[in-house]
*Asks:* 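Sending over a structure as structure tokens; questions will come in a sec.
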Amino acid sequence: ATFTEVPKDVTVREGDDIEMPCAFRASGSTSYSLEIQWWYLKEPARELAHELAISVPGSRSKVIQCCACAFLQTVRVQGNDISHRLRLSGVRRQDEGVYECRVADYGDDETQEHKAQALLRVLSRFAPPDVQAAEAVSHIQSGAAPRRHGPAA
């Protein structure tokens with residue numbers, strides 16, 4: 001069993017639309033029941049604690065991960081392969097974070113879960129231009145000779 005397409009890290013500007021693909025193929029020739037779930041894992045700010053110590057009466061303290069998670073979508077199929085594209089329209093700054101594609105394989109007696117993650121970074125709509133554009137502006141401002149486009153008509 002393996003992912004045939006995984007979501008990739010992406011950087012977009014506010015207001016853009018994106019798609020994150022996820023595709024999985026089960027091994028063997030028998031028919032399986034497969035399910036894709038998309039989860040949004042908002043990473044906590046660096047200054048917040050990433051772990052919480054929980055004290056359980058009669059046992060040692062247990063450390064668990066602390067993160068805000070949200071279930072987004074689920075798709076189920078009968079067969080050996082499954083795919084789904086998570087679509088986000090008009091991306092906002094608060095959409096930034098980790099998106100996880102979880103595939104549950106119900107083919108054997110024991111359910112197997114497979115995961116693939118991608119990070120979405122969202123730039124401000126008014127972010128400065130990319131490096132190449134900044135270099136071009138710098139070149140123009142340095143007083144470089146203007147380019148000639150041929151004789152005037």
Side-chain angles (χ1 to χ4, degrees), residues 1-140:
T2 185
F3 282 96
T4 55
E5 192 171 19
V6 295
K8 293 179 176 39
D9 292 352
V10 65
T11 301
V12 298
R13 291 201 184 275
E14 281 181 295
D16 286 353
D17 299 339
I18 64 156
E19 286 188 357
M20 287 190 181
C22 186
F24 183 86
R25 181 177 306 271
S27 59
S29 58
T30 57
S31 182
Y32 291 90
S33 176
L34 298 172
E35 176 181 271
I36 282 184
Q37 290 185 346
W38 280 98
W39 288 80
Y40 170 63
L41 314 173
K42 177 76 173 178
E43 293 185 332
R46 293 188 188 278
E47 59 272 4
L48 297 177
H50 288 270
E51 298 176 335
L52 295 176
I54 301 208
S55 182
V56 180
S59 69
R60 293 185 195 174
S61 291
K62 209 179 195 183
V63 176
I64 62 167
Q65 292 294 328
C66 176
C67 72
C69 305
F71 172 73
L72 299 175
Q73 293 180 343
T74 188
V75 176
R76 292 182 184 172
V77 298
Q78 295 293 323
N80 288 9
D81 53 74
I82 187 170
S83 66
H84 186 263
R85 289 182 178 273
L86 179 67
R87 290 178 175 90
L88 300 176
S89 298
V91 173
R92 301 168 301 170
R93 293 281 300 186
Q94 53 265 46
D95 295 328
E96 189 168 271
V98 175
Y99 287 79
E100 184 173 81
C101 174
R102 297 180 187 174
V103 177
D105 180 352
Y106 302 107
D108 298 325
D109 294 336
E110 185 178 308
T111 300
Q112 295 180 14
E113 190 171 87
H114 310 273
K115 298 177 183 179
Q117 294 182 343
L119 175 64
L120 172 64
R121 289 185 192 90
V122 181
L123 302 176
S124 167
R125 186 178 316 194
F126 306 106
D130 66 15
V131 174
Q132 288 180 340
E135 287 175 358
V137 169
S138 172
H139 180 71
I140 291 168

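The chain is numbered in sequence order, starting from 1. Side-chain atoms are counted along with the backbone in the values below, which use heavy atoms only and exclude waters and symmetry mates. This is a predicted model, so every value here is computed, not measured.
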*Asks:* Measure the CZ-OG1 distance between Phe24 and Thr2 for me, rounded to the nearest 0.5 Å.
*Replies:* 7.0 Å
*Asks:* Please work out whether the ring planes of His114 and Phe3 are parallel, tilted or perpendicular, with thresholds of 30° and 60°.
*Replies:* perpendicular
*Asks:* About how many Å separate CD of Gln37 and OG1 of Thr74, when rounded to the nearest 0.5 Å?
*Replies:* 4.5 Å
*Asks:* If you look at every heavy atom in Trp38 and Met20, which pair is closest and at what distance?
*Replies:* CZ2-O, 3.4 Å
*Asks:* Mind checking what makes side-chain hydrogen bond (donor to acceptor under 3.5 Å, both in side chains) contact with Glu19, not counting sequence neighbours?
*Replies:* Arg87
*Asks:* Compare all side-chain heavy atoms of Ile36 with those of Cys101 and state whether any distance is below 4.5 angstrom.
*Replies:* yes
*Asks:* I'd like to check the side-chain hydrogen bond (donor to acceptor under 3.5 Å, both in side chains) partners of Asp9; sequence neighbours left out, ordered by chain and number.
*Replies:* none
*Asks:* Where is the tightest heavy-atom contact between Gly97 and Leu119, given as atom of each residue plus distance?
*Replies:* O-CD1, 3.4 Å
*Asks:* Once side-chain contact (heavy atoms from CB on, under 4.5 Å) is applied, do any residues pair with Glu14, and if so which ones, sequence neighbours excluded?
*Replies:* Arg93, Val122, Ser124, Arg125
*Asks:* Which pair of heavy atoms, one from Ile18 and one from Val10, lies closest together, and at what distance?
*Replies:* CD1-CG1, 4.3 Å
*Asks:* Looking at Thr11, Leu86, Leu88, which hits side chain to side chain contact (heavy atoms under 4.5 Å, CB included) with Leu120?
*Replies:* Leu88
*Asks:* Is a donor on one side and an acceptor on the other found under 3.5 Å between the side chain of Asp17 and the backbone of Gly90?
*Replies:* yes
*Asks:* Can you tell me which residue pairs pass the salt bridge (charged side-chain N to carboxylate O under 4.0 Å, His left out) test with a partner in residues 70-80, sequence neighbours excluded?
*Replies:* Glu35-Arg76
*Asks:* Using the test salt bridge (charged side-chain N to carboxylate O under 4.0 Å, His left out), find all partners of Asp16 that sit at least two apart in sequence or belong to another chain.
*Replies:* none
*Asks:* Does a sphere of radius 6.0 Å around CZ in Arg102 hold more than 12 heavy atoms from other residues, nucleotides or ligands, not counting ones at 6.0 Å or beyond?
*Replies:* yes
*Asks:* Would you mind reporting whether Arg85 and Pro21 have side-chain heavy atoms less than 4.5 Å apart?
*Replies:* yes
*Asks:* Locate the shortest heavy-atom distance separating Ala104 from Thr111; write the atom from each residue and the value.
*Replies:* CB-CG2, 4.4 Å
*Asks:* Look only at the side chain of Tyr40 and the backbone of Glu96, and say whether a donor-acceptor pair between them is shorter than 3.5 Å.
*Replies:* yes
*Asks:* Ignoring hydrogens, what is the shortest heavy-atom contact between Leu72 and Trp39? Give both atom names and the distance.
*Replies:* CD1-C, 4.1 Å
*Asks:* Show every salt bridge (charged side-chain N to carboxylate O under 4.0 Å, His left out) that has at least one partner inside residues 114-123, sequence neighbours left out.
*Replies:* Glu113-Lys115
